Every structure is written in structure tokens, then in C-alpha cells.
There are 2 protein chains.
Amino acid sequence: MKPKLDDVAKLANVSKTTVSRVLNKRGYLSQETIDKVYDAMEKLNYQPNTVARQLYNKKTQIIGLIFPTVTNPFFGELVEELEKKLYLQGYKVIIGNSMNDPEKETNYLNQLLSNQVDGLIVGTHNRNIQQYKNDNLPIVAIDQIMNEDIPIIESDNYLGGQIATQRLIDKGARKIIHIAGPDYLNTPAQRRRNAYEDTMEKYNLEPICYTVDFNIPYKDKIQIFNRMFEEQPDIEAIFSSNDLDAAIIMKLAKNFNKKIPEDILLIGYDGTQLMRTIFPELTTIIQPINQISSKAIEVLNDRLESKETLKEYILPVTLWEGSTS
Amino acid sequence: MKPKLDDVAKLANVSKTTVSRVLNKRGYLSQETIDKVYDAMEKLNYQPNTVARQLYNKKTQIIGLIFPTVTNPFFGELVEELEKKLYLQGYKVIIGNSMNDPEKETNYLNQLLSNQVDGLIVGTHNRNIQQYKNDNLPIVAIDQIMNEDIPIIESDNYLGGQIATQRLIDKGARKIIHIAGPDYLNTPAQRRRNAYEDTMEKYNLEPICYTVDFNIPYKDKIQIFNRMFEEQPDIEAIFSSNDLDAAIIMKLAKNFNKKIPEDILLIGYDGTQLMRTIFPELTTIIQPINQISSKAIEVLNDRLESKETLKEYILPVTLWEGSTS
DNA sequence: TTGTAAGCGTTATCAG
DNA sequence: CTGATAACGCTTACAA
């Protein structure tokens, strides 16, 4: 059995209160008592029970992070940044990889909000969060519309989509295909697609979208892209809303005897550290993961202190000029 | 204020006990009571307080995962698998990215073991865990020696190193360089290096190792590899203990006018889904992430039930035959 | 400077 | 079938 406060108290011949005071360095205590208590704690190898403290304080010092999958470098790096920064503020993180499974996500949401976490940062792409309406919950969303009361942190998706499309057009491409996330998801990321469509229209070009759920198995993606190459033999450029897909497309292009950038221009999206390091040649739009995570935490802190927040925070994107377009 | 059991009880005109029974579907209850209670819960939008339950049950249903960084695809995929499988068993996960910072790691270890988690799966590379000796703690380690009492789950690092080195030799390379993790870390992964050295010796070849801490910034790695290319102009093959480093090396080789595999043979290590998808040409040793995670959880469960476990579990590796060697 | 006792929100025992 | 009550381990008024 693990020793508890009372065991320490008995061994040190003091009351629980005193031990608690020593533990939390509160109030006046004689040095003698302090020493006695520390001695006892050491002898018993005492560790305070976090859960009991959480119950009393009504705070867990835990933040829940719900994201589709930490396996995608964008989310991996984002989650890592969030963890790092929250750690410095004394928080731990519970992570839920929802895999865009609505049931799993709802489950996490419900359970974590049962006093298990102090706040939530959510980046999944599902809806059904009606139940939390009006509740002024300590939640912020990243790139995701949950409901009107939950602030959204995002990078400038429209501008990103515009920069990407414009670049391909400027480089002479006319038949430009866009790989997008599923359009039933009304996320801010869809603005990349809107920007693509608007820009194409502006030049009287026909927008062509292929839709890929970004966390289906790789082999399914490969199938879709292979079909795309078959259906679009005269394709001149591709704007992928995701670097991973762009990288896969680069590999597949070879099989169709298409060279990048000679035959097909390519631009991706996200621009993670990882991709910039192992695929520096891939031109892409960089999302400011560092700023996104900082802002998300800042806004969450505001919410926790019941301060007013904006509904939406838009952070700047930048272009990574590789050689694929 | 969030409603509590008592509020529900009052509204439904029953006792706390009854509400608790309804909540946990225990004991005999009249349908009428059940309905009344559910009604009240709904009206108040009641959510049971997880922390209070944790205190009573002395279980949190949380497992702590401590790994260097979720940003490395190997750990990312491992953590994801662990989370997925633990979720199905009713566990949540707290994640600590130690970044090989001993202080942060110790901190996590101490705090999480303060009744905050039911068990721990640890994959970090630091020592200093003396304090936990003899304690029969519910911990398992992945690829990491913590102390004699903590079981280790690992893939067959020696065999992996052997297969890799042998392959390079079979393909005709003689001057073969190995990129290894820092050797002050006495981890099972060092057996890859041992295997490399043994195999080289067997063929009377001189082993040459470059040491790279795997979570230093990318630009520092690039510096080290550039130096390597300068110092070793007649290099014929490289065995990297990490696919990311292998990928970086592939990019850098171009700058030195070295073609892979024509001029330099290359083999990596880890073989994550991600790398096999976006770098299928990279020959590598696949660690069985799925099996590792399953075994880790299985052994942790045994520990939680105070069953005897082995000290070490070694899982098989396989070769991914790309075109880089 | 230290101790007593109440309370944080649950669950389970035991009695009715 | 239902209800008091103690307990989980800690913190803090309030007293001494």
C-alpha cells in the first residue's frame, strides 16, 4: 500500500495539517517540524496523491488534445509544440487520436469534459458537438468549426490556396488539379479549395478537384492518385492540400513517365519541419505551427480565466520555394 | 457551477445512492425511479466527476507514455498504435515528449507515478531511475533499459544490424559507414551498432561510426553529415540507424555528386509506414510497430495484475527492399 | 506554531 | 427496492 499523508503524520508525530503545510510550504512552521516531516516522507518514500489534490482543487492541470492522427507530420509537430508549451505552464496533456471517427471523438469529448481536463484543444474534423452549445466551455479549435462559441485558430487558408494556385498559373500551367480534403467537412481548410476555385475562375480555367480523406490508408490514396493520372493524361500542375499526398504523387508520377517539374508542376501544403528536411525540393505553403500552438494556448488561457476572446484568429502563411514548381 | 450527484438526487427526490446506482446500473431499481433520475440528469446536463471516481477507485484509467518526440515517425506511429489499443481497453493516455531532457523525464516520471496514471510505457533514453528500484512498478520500457525490474520490449536490434551490414557487404561495399545514436546511451538499439561492428570485423573491414543524437535540430544533423562526406570521400555505403537520417543523407549526397545507389549504397532503419510510402526506394529494416505496441500493452497488463513477466521480449525485424541498396 | 474537523464528488456497505 | 453513512487522500477554515 502506498503511504499517505496520515502515515507520514503519524511517523513524524504531527497532524495531517502540518504535513500538508510542509508539503505545500504554507504558513508558519518550526524548522524542527519541517525536518521531522521531511525525514518521515523520505523514510516512507511518500508521494502525494495527485487525484486527491485534483478533487479538492477542482483542477487537474491536464489539457486534452484531440487530433485526427499524430502520424501526420503536421499534427505530430503541432501536438509536440502544444505539449512543450503546456508543460512549461505546468500542464500535462491527454491525447486522443480520433482518426476522424465521430464516435471516438464524441467519446473523448464527453469523457474529458467530465472534470478530467481543465481545457481542450481540438483539431478534428467532425461535427455533432451540438450538446456543447452555449456552454462557454474551455475549448479552442484549430482549423475546425465546432460551434459559434468556440474560438478558432487557423492559418490563412484562403491566402495559402491563392498563393499556391497563382504560382502554378504564373509558371505557365493551365490544367491544374487540386487535391482536397472531403468537402462535406466544412472546415477552414476548405478555404484553400475556395481560393483555388476562385483563382482558377479569375483566369477562366476549369477547376478540377480530387477529394481524398487525409487519413485513409496509404494504399487507398495511391489508388485514387493512380486513377487521377489515368483520367487526366494532359495534367500540367497539381496543388495538393497536404504535403504527404504531394510526396506520394511525386513517386507515382514516375510510373506514368511524368517528370516533376518538367512535365507536371507540384505544390504542397503544410510545410512541416520534417518535410522541409527530407523533401526540401517540394514547394509548399508553410503553416506557422509555432504561432498556431502559441495562440491556441493563449486563447485557451483566456477562456480559462473567462476573458472575452475573438471568434477567429488567423495567422500568416509563407511560401517554401522548392524546385517542384 | 457544475451539477453534482447530489443536485440530481434532490431534483429527482431520491438519495445520492440511488442516483449512483442508476448511473452505474447496479442493484435493483424500479423503472419509475430510473426514469426520474435520467430526467433529472438530462435537465441538469449532469456529467459525473471523473476525478472523484478516480479517487474512490484508486484507478485513473490513464496510462502515461514517455517518449523522446512524437515528431519522429517511428515514435509517432508507435504512440498512435499504443493510444489506439489502450483506448479499446478503456484507457486514456498522457503523453510526455521528453526530448531526451533528463529533468523533464524525471519530472514526468515522478508526477505521473503520484497516482496520476495506472501504468507507464517508457521509450526515452535516459538513466537516473535509481529511485524506482525494487518497487515493482507498473512500467514497461520500449527499447530502453531502465533497471533490472522493468521489462523491456524491443525488436531484434542485433539481427537488424546484421542484416543491414551483411546486405551492404553482399552488394560489394567495403568502406561502410554506420550512423549511430550516441554511445553513452546503453540502449538495446546499440546492438545494431554491435552487429555492424561484429559483421565488419568478420570480413576484416574497418568499422567507422558517426554518432548523431537523433533529436538534435535538423540543421545540426546536416552539418554532421556534410562533414562526413568531406572526411570520407571514398565512402561506398552507409548504414543509418534511422530512416530520417538516411533520407537526409540521400538529399545531401547529391551535393557531393554522389549517386545512390550507383556510388553509395544506403540502408536505413525503422521502416515506418510513412517512410515506406513517401520514400519507398529507401531500403530499410522494418521494426514491427504493431507487435511492439501489442506486446508492450500485454506485458503492462500482466504487471498491473502482478503477474510474473519476462525481463525481455524480442520481436522480429524484416527487410524492406528498396532500390538504395 | 500546530491541530481538529469539514469538505471536494463519488461509491459501497449495511440497514431498513 | 431505497437511504444513511463512511471512506477514498488531500487542503483549508477555524480554533487553540
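On a predicted model such as this, the values are computed, not experimentally measured, just so you know. Numbers restart at 1 for each chain; the letters A, B, ... are given by sequence-line order, proteins then strands.
No contact: B:V51 has no heavy atom under 4.0 Å from any strand. Nucleic acid contact class of B:L5 (heavy atoms, under 4.0 Å, all strands): base. Residue contacts for A:R21: at a heavy-atom cut-off of 4.0 Å it reaches a base atom on one of the strands shown. Using a 4.0 Å heavy-atom cutoff across all strands shown, A:N24 reaches sugar-phosphate atoms only and no base atom. Nucleic acid contact for A:S20: base, since at least one base atom lies under 4.0 Å from a heavy atom of the residue. Within 4.0 Å (heavy atoms only), B:T33 reaches sugar-phosphate atoms of the nucleic acid but no base atom.
OP1 and OP2 of D:dG9 both lie 4.0 Å or more from every side-chain N or O belonging to A:Y46. Using a 4.0 Å cut-off, no side-chain N or O of A:T17 falls inside it from OP1 or OP2 of D:dT12. Close to D:dT12, at under 4.0 Å from its OP1 or OP2, lies a side-chain N or O of A:R26. Taking side-chain N and O atoms only, B:Y56 has no distance below 4.0 Å to OP1 or OP2 of D:dC10. Between D:dA4 and B:S15, no contact under 4.0 Å exists linking OP1 or OP2 to a side-chain N or O.
Rounded to whole Å, atom P of D:dT12 lies 15 Å from atom NZ of A:K25. Atom P of nucleotide C:dG9 and atom CD of A:Q116 are separated by 16 Å, given to the nearest angstrom. Taking atom NZ on B:K59 and atom P on D:dA7, their separation rounds to 22 Å, with Å as the unit. Across the protein-nucleic acid pair, A:N115 atom CG and C:dG9 atom P stand 8 Å apart, rounded to whole Å. Put simply, NZ on B:K36 is 12 Å from C1' on D:dC1, counting in whole angstrom units. Here D:dC8 presents its C1' atom at 13 Å from CG of B:N49, a figure rounded to the nearest Å. Taking atom NZ of residue B:K2 and atom P of nucleotide C:dG9, one finds them 11 Å apart after rounding to whole Å. Taking atom NZ of residue B:K4 and atom P of nucleotide C:dT11, one finds them 14 Å apart after rounding to whole Å.
Along DNA chain D, the nucleotide nearest B:N57 and the nucleotide nearest B:I34 are compared for position; the residue whose nucleotide lies closer to the 5' end is B:I34. Comparing A:Y28 and B:P48, the nucleotide of DNA chain C nearest to each residue sits closer to the 5' end for A:Y28.
When each of A:V93, A:I297, A:I63 is paired with A:L82, the side-chain contact (heavy atoms from CB on, under 4.5 Å) condition holds for A:I297 and for no other. For the side-chain contact (heavy atoms from CB on, under 4.5 Å) test with B:V51, the passing option among A:L55, A:N57, A:T50 is A:L55; the others fail.
For the pair B:K104 and A:Y87, the cation sits on the ring face: its NZ or CZ lies under 6.0 Å from the ring centre, inside 45° of the axis.
For the residue pair B:S114/A:Q47, the side-chain donor-acceptor check at 3.5 Å is satisfied.
Here D:dG9 is the nucleotide among D:dG9, D:dT11, C:dT10 with the atom lying nearest to any side-chain atom of B:K58. Relative to the side chain of B:L55, the nucleotides D:dG3, D:dT2, C:dG9 differ in distance, and C:dG9 lies closest.
A donor-acceptor pair under 3.5 Å is absent between the side-chain atoms of B:K16 and the main chain of B:K10, judged by distance alone.
Between the side chain of A:K16 and the base of C:dT4 there is no donor-acceptor pair of N/O atoms closer than 3.5 Å.
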*Mind running side-chain hydrogen bond (donor to acceptor under 3.5 Å, both in side chains) on A:E77 and B:T71 for me, showing each step along the way?*
CA-CA 6 Å; A:E77 294 185 8; B:T71 268; 5.0 Å; no

